[in-house]
Amino acid sequence: MNLNNQIIILILLIFCFSLIKCDPTTCQQKYMEAITGQNPEGVEMIFLATGKDMPTDLGDYDLCTMLKTAHHCVVSFGLNVSGTVTPLKWGFCIPKECTQDDVSVAVSLYISIFYSFATVSDQPMDVFCADNFKKKYSAGVIITLIIVIISSCLVISGTISKFIPNLKPIKESDEYEIKRSKWKIMLIDCLNNLSLQTNWQKLIQKFPDTSLKYLNGIRVISMFWIIFGHTVIIQLSFGYNNEVFLFDEKGPLSKWPFQFILGAEFAVDTFFFLSGFLMAHLAFERRKSFNIGLFYFHRFWRLLPSLGFVLLVFTFLAIFFGDGPYFGELKPIIDDTCGKYWYSSLLFFNNFYPKHFGDECMGWVWYLANDTQFYIISPIFLYSFFYFPLIGLSLVAVFIIVSIALNFWIVHHWNINFIMFGPTQEDYNDKIYTKPYTRIPPFLVGCALAMFLYLLKSRKNNEINQKENDENQLLIEKDEEEKQLRIRNSKFKRLFTKYKQHIISTSIFLASLTLLIAMVMIPYDNYKHLGTKWTVNTSAWYIGFSKFGWGIGIAGIVFIYYYYPTLKSIVKDFLSLDIWTPLAKLTYNAYLVHPIIMSNVDYSSRILYNYSAMPIFFNTTTNVILSYFFSLIVYFLIERPFMHLERFIMS
């Protein structure tokens, strides 16, 4: 800066200072003292700790909080330059005398001095001052801490008991010891079930049903995909510093790789499919002993303990896990959602009440509400199939058709254009994204596949019995030449069957994979044009059939791996790796905790994220590791002990 410019700025500062005729304790006076250097911390406050980069710069929060006379506020406002308003989000380091209500005056003063070519627009300012956020130990906080401490103490006691000789599990062969003390046995059994050693062994125990082992890989990879999608979406809600680039017509949003971020929505449909398939498959396997009361009891007992625990931690303890220029904004978000509607999430009707998706407590558990509602109505299909298989399959088909028709009607009625971040996104979330009658097709496809496989299995068993009868007949054949001819035909048949299996399975796999990729990539045509290409009718066709199409794609892959168990496949071997087994057992808890971790990390950030490939990869990897680490804690403290308790109750 040359001497003339320095003189002009100095004169301008003196002139502005002379205009202020208020009490020296006022916000304006103190801020001007910082600007003109009368405050010894003014240089740090104005020039080092206040944001300056457009459109978003949170400034230096840590430096500002170190200053004795200043505090940090994040301000969203509009900068008016010759009639053009540019939205900005800056962090301002201002004197402590400036309350949250005074910030608008300080911002206007700052802009008038350092950006004399512009003015602050008339649009309302959004102001958040970090020191307005106070972490208080309310009754809810204390109760939640007590629950955490008691759970931890029980687990620690169980773990220590494994090293005490008198408290080691009693062997079943020791009849004398069993008769001697019934209560001691119960205590030892209880402590054993709470111990880290026992539950760790349960966690890493290999999957007993090898015919379904590959489902573990599908489940875990789907969870990774969800975390990947939420990493970007939650960071975007906090704000990227290059959002202008992101939403530019030539930015990442209009490029095909972005579809794999948006396509993470389908990972939830994979879980719906797996839920329907496993529910029906296990019901058919235990057909003779199927009990609808236990069916419902196990469902709620399985979900509620972990959900209730995580909900308490999120509502009352999450605000103690972070700090930053924008971290305090989490408190009103939690208060306005879980403070008002916690019961709807806990009772699995949060996808209907509250009315708006953004008001839900732990909004991501809309999935559990849907899945539970599917479970509640599923005995209709199960009992129909038990007694009249054709009617059961027909009912599934009717429900799928009705769901697709409802999707069509809703899209047309509300004029919804399928594009995230678009003007109809709220309607899509409220009326389609979270509703069971629009999301049920993958679940029903899973049920239908289990029914179909059950029928094929029954038919195959009949064929095996017939084959055994034929072989017995062959043994008593007197004509040796006819016997040899049958053997040669049998070998040819086995060879033909082997190649037929490879041809059929490969064809189904490629068709299924193509369908899955198509479901993800079809909207690219609309995103490439930033939502201006598709009509409402095009959106209706895609929304109506995409969930069903995804379910069919997953069903094809599951079908070939289940129906051809001896089939050699690199993909199947990868999905069946033992590493997936413990991770699959932690998936439910990982789903519950991962958005809490992301929110705390993102809202504790001192700077806004930059949208680019490597930071997103790094952040996703970090979120995956943290999510599964904390899910392991919930598993040890809550989930596994309650599973042992259920087994005790049932016995």
Side-chain angles (χ1 to χ4, degrees), residues 9 12-39 41-61 63-65 67-134 238-239 241 243 324-333 336 603 606-608:
I9 290 177
L12 182 60
L13 291 176
I14 296 172
F15 173 73
C16 291
F17 182 70
S18 66
L19 291 177
I20 298 178
K21 302 294 184 181
C22 54
D23 188 84
T25 61
T26 62
C27 169
Q28 300 97 317
Q29 181 71 27
K30 292 295 182 181
Y31 197 46
M32 183 55 80
E33 288 178 1
I35 292 175
T36 57
Q38 296 182 49
N39 183 336
E41 295 179 336
V43 174
E44 292 89 343
M45 192 185 301
I46 303 299
F47 297 102
L48 299 180
T50 295
K52 303 171 187 64
D53 294 338
M54 296 187 183
T56 307
D57 185 353
L58 299 182
D60 192 330
Y61 170 79
L63 174 60
C64 187
T65 53
L67 301 177
K68 296 180 180 179
T69 61
H71 67 144
H72 191 276
C73 298
V74 177
V75 185
S76 297
F77 65 102
L79 188 68
N80 189 333
V81 181
S82 302
T84 301
V85 177
T86 302
L88 303 179
K89 180 188 286 186
W90 281 354
F92 282 85
C93 189
I94 58 178
K96 288 185 176 179
E97 287 78 7
C98 295
T99 65
Q100 190 156 309
D101 296 331
D102 298 328
V103 169
S104 59
V105 177
V107 171
S108 298
L109 183 59
Y110 181 87
I111 295 299
S112 66
I113 294 175
F114 296 103
Y115 298 87
S116 56
F117 56 87
T119 59
V120 177
S121 70
D122 295 333
Q123 67 185 43
M125 285 187 186
D126 182 23
V127 181
F128 176 77
C129 295
D131 58 356
N132 281 1
F133 169 57
K134 306 295 182 183
F238 179 67
N241 61 9
E243 280 185 23
Y326 222 52
F327 185 78
E329 283 290 283
L330 267 183
K331 184 66 167 65
I333 292 174
D336 290 341
Y603 277 81
R606 269 53 174 168
I607 58 174
L608 295 183

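Since the structure is predicted, the reported quantities are computational estimates derived from the model, not experimental observations.
- Among residues two or more places apart in sequence or in another chain, the side-chain hydrogen bond (donor to acceptor under 3.5 Å, both in side chains) test is passed with Asn241 by Asn610.
- Heavy atoms from other residues, nucleotides or ligands lying under 6.0 Å from CG of Leu63 number more than 12.
- Counting heavy atoms from C-beta outward, Thr50 and Cys93 have side chains that approach closer than 4.5 Å.
- When all heavy atoms of Asp102 and Glu97 are compared, the pair lying nearest together is OD2-O, 3.7 Å.
- Phe128 CZ to Tyr326 OH: the interatomic distance, rounded to the nearest 0.5 Å, is 8.5 Å.
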Go through the steps to decide whether Cys98 and Cys73 satisfy the test disulfide (SG to SG under 2.5 Å), and finish with yes or no. CA-CA 10 Å; Cys98 295; Cys73 298; over 6 Å; no
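- Note: Tyr115 and Trp90 meet the aromatic proximity criterion, with ring centroids under 6.0 Å apart.
- Expressed to the nearest 0.5 Å, how far CE of Met125 lies from OG of Ser108 amounts to 4.5 Å.
- A search for side chain to side chain contact (heavy atoms under 4.5 Å, CB included) contacts involving Ala34 returns Asn39, Met45, Ile46, not counting sequence neighbours.
- Here the straight-line distance linking atom CZ of Phe77 with atom CG of Asp122 works out to 13.5 Å at 0.5 Å rounding.
- Listed here is the closest heavy atom pair of His71 and Cys129: CE1-SG, 4.0 Å.
- For the pair Ile94 and Tyr31, the tightest heavy-atom approach, listed with the atom from each and the gap, is CG2-CE1, 3.8 Å.
- The shortest non-hydrogen separation linking Glu329 to Ile333 is O-CG1, 3.3 Å.
- Closest approach of Met32 to Leu109, counting heavy atoms only: CE-CD1, 3.9 Å.
- With values rounded to the nearest 0.5 angstrom, Asp60 atom CG is found 8.0 Å from Thr65 atom OG1.
- One distance of note links NZ of Lys68 with NZ of Lys96; it measures 10.0 Å at 0.5 Å rounding.
- The two residues Pro325 and Ala130 come nearest to each other via the heavy atoms O-CB, 4.4 Å.
- Residues passing the salt bridge (Lys or Arg N to Asp or Glu O under 4.0 Å) test with Lys89, sequence neighbours excluded: none.
- Here the CG-OG1 distance, from Leu79 to Thr86, works out to 6.0 Å after rounding to the nearest 0.5 Å.
- A donor-acceptor pair under 3.5 Å is absent between the side-chain atoms of Gln100 and the main chain of Asn132, judged by distance alone.
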